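For reference, the structure discussed in these notes is given below.
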Amino acid sequence: QVQLVESGGGLVQPGGSLRLSCVGSGFPFSSYTMSWYRQAPGKERELVAQISRAGGGISYADFMKGRAIISRDNAKNTVYLQMNSLEPGDTAVYYCNARLNWYDYWGQGTQVTVAS
């Protein structure tokens with residue numbers, strides 16, 4: 001069955017860094033656009049970053065530009081999100097998403113908490 005498993009979340013101090021990973025299985029990973037979303041308590045889920053199938057097309061939400069790098073390793077069926085200069089406002093559950101046309105898969109999420 002299709003699975004997306006995120007890891008790498010945790011508690012970090014303001015100004016710190018985290019690297020999130022998401023491993024996909026059960027679907028042709030390299031054919032899918034991969035994205036990271038986040039959802040803070042009481043807020044809607046929002047797109048953080050997106051990377052195209054071969055990695056040539058990348059985009060970031062304005063709030064994350066200059067502070068994050070999304071990358072993927074199709075040989076390992078893994079997408080990464082390196083986040084730097086983290087702020088308390090970045091506290092949220094971060095979700096991995098795989099999308100191809102009408103196929104749309106989500107991971108279970110990993111909690112990121114930025115606090116001193």
Side-chain angles (χ1 to χ4, degrees):
Q1 72 277 21
V2 172
Q3 277 193 312
L4 289 171
V5 180
E6 302 100 332
S7 62
L11 174 63
V12 63
Q13 292 187 341
S17 299
L18 280 176
R19 189 193 196 205
L20 307 182
S21 300
C22 171
V23 179
S25 61
F27 66 99
F29 183 88
S30 63
S31 296
Y32 280 65
T33 296
M34 299 300 298
S35 303
W36 286 96
Y37 285 75
R38 72 183 188 184
Q39 187 167 20
K43 295 188 177 181
E44 292 188 355
R45 192 171 296 189
E46 59 184 353
L47 178 66
V48 177
Q50 189 172 78
I51 186 167
S52 62
R53 292 175 295 178
I58 290 175
S59 62
Y60 298 96
D62 286 345
F63 59 77
M64 201 55 86
K65 283 181 180 176
R67 300 193 296 127
I69 299 173
I70 187 171
S71 60
R72 66 189 296 165
D73 185 340
N74 287 338
K76 296 181 178 179
N77 285 3
T78 302
V79 61
Y80 305 96
L81 183 68
Q82 174 70 42
M83 299 187 291
N84 304 313
S85 302
L86 285 164
E87 306 165 351
D90 295 317
T91 295
V93 177
Y94 284 71
Y95 296 91
C96 177
N97 172 264
R99 185 169 297 138
L100 173 62
N101 297 328
W102 54 87
Y103 295 99
D104 191 20
Y105 305 129
W106 292 90
Q108 82 289 347
T110 185
Q111 176 70 46
V112 171
T113 302
V114 185
S116 54

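Below, each value reflects all heavy atoms present in this structure, side chains not excepted, and no hydrogens, waters or symmetry copies. Here the structure is a predicted model, which is why all the values come from computation and not from measurement.
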Legend entry - Flag, side chain of Arg72 to backbone of Thr33, donor-acceptor distance under 3.5 Å: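 Looks like no, no N/O pair under 3.5 Å.
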
Inset, instruction - Please answer whether the main-chain N or O of Ser7 pairs with a side-chain N or O of Thr110 as donor and acceptor at a distance below 3.5 Å. - result: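 No: the side chain of Thr110 does not pair with the backbone of Ser7.
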
When rounded to the nearest 0.5 angstrom, what distance separates [atom1] in [X] from [atom2] in [Y]?
X     : Y     : atom1 : atom2 : result
Gln82 : Leu18 : CD    : CG    : 8.0 Å
Arg99 : Gln50 : CZ    : CD    : 7.0 Å
Ile58 : Ile69 : CD1   : CD1   : 9.0 Å
Arg19 : Ser17 : CZ    : OG    : 12.0 Å
Ser85 : Met83 : OG    : CE    : 11.5 Å

Shortest non-hydrogen contact from [X] to [Y]?
X      : Y     : value
Ala68  : Leu81 : CB-CD1, 4.2 Å
Gln39  : Ala92 : O-CB, 3.4 Å
Cys22  : Leu4  : SG-CD2, 3.8 Å
Met34  : Ala98 : SD-CB, 3.5 Å
Ala49  : Tyr60 : CB-CD2, 3.6 Å
Ser116 : Pro14 : N-CD, 3.7 Å

Legend entry - Set of residues satisfying salt bridge (Lys or Arg N to Asp or Glu O under 4.0 Å) with respect to Arg38, sequence neighbours excluded: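 Salt bridge (Lys or Arg N to Asp or Glu O under 4.0 Å) list for Arg38, sorted by chain: Glu46, Asp90.
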
Legend entry - Partner set under salt bridge (Lys or Arg N to Asp or Glu O under 4.0 Å) for Lys65, not counting sequence neighbours: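 Checked Lys65 against salt bridge (Lys or Arg N to Asp or Glu O under 4.0 Å); matches are Asp62.
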
Inset, instruction - For Tyr105, check ring pair (Phe, Tyr, Trp, His ring centres under 6.0 Å) against everything at least two apart and list the hits. - result: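 Counting only residues at least two positions away or on another chain, Tyr105 forms a ring pair (Phe, Tyr, Trp, His ring centres under 6.0 Å) with Phe27, Tyr32.
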
Co-membership, hydrophobic cluster, residues [X] and [Y], 4.5 Å side-chain:
X     : Y     : result
Val5  : Val79 : no
Tyr94 : Phe63 : yes
Leu86 : Leu11 : no

Inset, instruction - Mark yes when over 12 heavy atoms from residues, nucleotides or ligands other than Tyr103 sit less than 6.0 Å from its OH; otherwise mark no. - result: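 Atom OH in Tyr103 is not packed in, count stays at 12 or less.
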
Inset, instruction - Take atom CZ of Arg53 as the centre, draw a 6.0 Å sphere, and report whether it contains more than 12 heavy atoms from other residues, nucleotides or ligands. - result: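 Counting neighbours around CZ of Arg53, 12 or fewer heavy atoms of other residues, nucleotides or ligands fall under 6.0 Å, so no.
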
Inset, instruction - Give the other cluster members for Leu47, using side-chain heavy-atom distances under 4.5 Å between Ile, Leu, Val, Met, Phe, Trp and Tyr residues; answer none if it is isolated. - result: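 The other cluster members (ILVMFWY side chains, heavy atoms under 4.5 Å, direct or chained) are Tyr37, Val93, Tyr95, Trp106.
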
Inset, instruction - List for me each residue that meets side chain to side chain contact (heavy atoms under 4.5 Å, CB included) alongside Ser31, sequence neighbours excluded, and say none if there are none. - result: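 Side chain to side chain contact (heavy atoms under 4.5 Å, CB included) list for Ser31, sorted by chain: Pro28, Leu100.
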
Legend entry - Residue list, side chain to side chain contact (heavy atoms under 4.5 Å, CB included) with Thr78, at least two apart or on another chain: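 In terms of side chain to side chain contact (heavy atoms under 4.5 Å, CB included), with neighbours along the sequence ignored, Thr78 is linked to Ser21, Val23, Lys76, Tyr80.
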
